[in-house]
J.: 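I am attaching a structure below and will ask some questions about it afterwards.
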Protein chains: 2
Amino acid sequence: MSEREKPPGKGTAESHGQYISAIYRHMQILISAELAPYRIGSGQYIFLMAIAFREPITQKALSESLLIDKTTTAKAIAKLEAEGYVRRETDPADNRYQLLYLTEEGREVVPKVRQALDRVKGKTRQGISDEEYDVLLRLLKIVLRNLSGREGKPE
Amino acid sequence: MSEREKPPGKGTAESHGQYISAIYRHMQILISAELAPYRIGSGQYIFLMAIAFREPITQKALSESLLIDKTTTAKAIAKLEAEGYVRRETDPADNRYQLLYLTEEGREVVPKVRQALDRVKGKTRQGISDEEYDVLLRLLKIVLRNLSGREGKPE
DNA sequence: CCAGATAGGGTGTTATTGCAACTATTTTTT
DNA sequence: AAAAAATAGTTGCAATAACACCCTATCTGG
């Protein structure tokens, strides 16, 4: 089987897709382990951090800024609420909206989550200079924009 | 809330993690749509392509080279087998091994899958030069190695 | 030769995620 | 003002993925 030679164009050859998915899966595992003590899963921490940063915020706004389906958001928020980190309050001006706030426990756990995420980031960033990391982020942003037609605004 | 100033070090600030996960999720959706006509899901195509490239191969070897849990591999292969794209054969020399082969249908569908993946790749690569893309791949490889302790060898 | 170790696979359960379809509320249209 | 459309959120279902644990086949040491 000798299909080892790369086509010259932008054909098959190596692709970012496989790296992206492997990195994603492994990061999920790492983050799950780091956040297990707080009973926050890999599907919830993004929302927790985003709420901390933009409180009060609706689920719709969260979904859009994180580029995550609204039903996924609903379920993640439900878990964070069940754990006592987030509180929902119906917007009195429009009862369709649920305004999300951190609870006291939420405010206490956020710095710990941030530290855990920084540990993961630091580990996965090893061997990459600040300049290279900037390039990486810039290119990932382009890929994401190509996929979503929007900017993603994490954190 | 003014935590907007970046710590000078490699502290919080922007992180590749969020981009990685958003890209991963959106690529899954795109690929699922592209491969739906062949009833191949986003969880199976990697295995199909890897088998096409390294046939015959065991599930264990697949799991290791793709950095995917063996039970995930087992289930994906079961689906590909159910669709008639892959055939299992017990290694006569050692009955613990299942050697995986493409079927005729598998051999026919592989080029179509490859084209679909190339379309996705092409779309997501827009605005990135060949040189930049090489840099992207190199940096992603480093991140993956940091996470897995191994090289990943996709496709 | 047989007990135990080793190794490849598989099953059951759980978490994350997205889609289709639904409810409830608000806004727009007629 | 009543009907229709839009909007925020939820529920049920299915796919992806991993872990803990179990099964079965092979190999090794007594």
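Within every chain, numbering begins at 1; the chains are lettered A, B, ... in the order of the sequence lines, protein sequences first and strands thereafter. Quick caveat: nothing in here was measured; it's all calculated off a predicted structure.
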J.: Is any side-chain N of the basic residue among A:Glu64 and A:Lys70 closer than 4.0 Å to the acidic one's carboxylate O?
T.: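 Between A:Lys70 and A:Glu64 there is no salt bridge, as every charged N stays at least 4.0 Å from the carboxylate O atoms.
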
J.: Provide, to the nearest angstrom, the distance between the CG atom belonging to A:Asp94 and the C1' atom belonging to C:dT25.
T.: 7 Å

J.: What's the CE-P distance between A:Met27 and C:dT16, to the nearest Å?
T.: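 So the two atoms are 16 Å apart, to the nearest Å.
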
J.: Distance under 6.0 Å and angle within 45° of the ring axis: does A:Arg88 meet both against A:Tyr101?
T.: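 Not flagged: A:Arg88 not positioned over aromatic ring of A:Tyr101.
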
J.: A:Glu81 CD to D:dT10 C1': how many Å, rounded?
T.: 13 Å

J.: Going 5' to 3' through nucleotides 17-24 of chain C, assign each nucleotide B (protein heavy atom under 4.0 Å from a base atom), S (under 4.0 Å only from sugar-phosphate atoms) or - (no protein heavy atom that close).
T.: SBBB----

J.: Who passes ring-ring contact (aromatic ring centres under 6.0 Å, His included) against A:His26, sequence neighbours left out?
T.: none

J.: Are any of the side-chain nitrogens in B:Asp118 or B:Arg125 under 4.0 Å away from the carboxylate oxygens of its partner?
T.: no

J.: Report, one line per pair, each donor and acceptor closer than 3.5 Å where one atom sits in a side chain of residues 35-46 of chain A; sequence neighbours left out.
T.:
unit_1	atom_1	unit_2	atom_2	d
A:Arg39	NE	A:Glu83	OE1	3.0
A:Arg39	NH2	A:Glu83	OE1	2.9
A:Ser42	OG	A:Gln28	OE1	3.2
A:Gln44	OE1	A:Gly41	N	2.8

J.: Using a cut-off of less than 4.0 Å, is there contact between a side-chain N or O of A:Arg88 and OP1 or OP2 of D:dT10?
T.: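 A:Arg88 to D:dT10 OP1/OP2: side-chain N or O found under 4.0 Å.
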
J.: Round to the nearest Å and state the distance from B:Glu89 atom CD to C:dG8 atom C1'.
T.: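 Whole-Å distance recorded here is 17 Å.
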
J.: Flag the pair A:Glu55 and A:Arg107 as a salt bridge only when some basic side-chain nitrogen lies within less than 4.0 angstrom of an acidic carboxylate oxygen.
T.: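 Looking at A:Arg107 together with A:Glu55, the answer is yes, because their closest N to O distance falls below 4.0 Å.
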
J.: Figure out the CG/P separation between A:Leu62 and D:dT7, and round it to whole Å.
T.: 19 Å

J.: Would you mind reading off the distance between A:Gln59 atom CD and D:dA8 atom P, rounded to a whole angstrom?
T.: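 In whole Å, D:dA8 P and A:Gln59 CD are 11 Å from each other.
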
J.: What is the distance, rounded to the nearest whole Å, between atom CD of A:Gln98 and atom P of C:dT25?
T.: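 After rounding, the reported distance stands at 11 Å.
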
J.: Given that B:Asp91 and B:Ile40 both sit by DNA chain D, which one's nearest nucleotide is further toward the 5' end?
T.: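 The residue mapped nearer the 5' terminus is B:Ile40.
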
J.: Here's a test of your reading of the structure: between A:Gly41 and A:Ala93, which maps to the more 5' nucleotide of DNA chain C?
T.: A:Gly41

J.: Salt bridge or not for B:Glu14 and A:Lys121, using N-O below 4.0 Å?
T.: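 No, this pair does not count.
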
J.: Expressed in angstrom and rounded to an integer, what is the separation of B:Leu66 atom CG from D:dA18 atom P?
T.: 11 Å

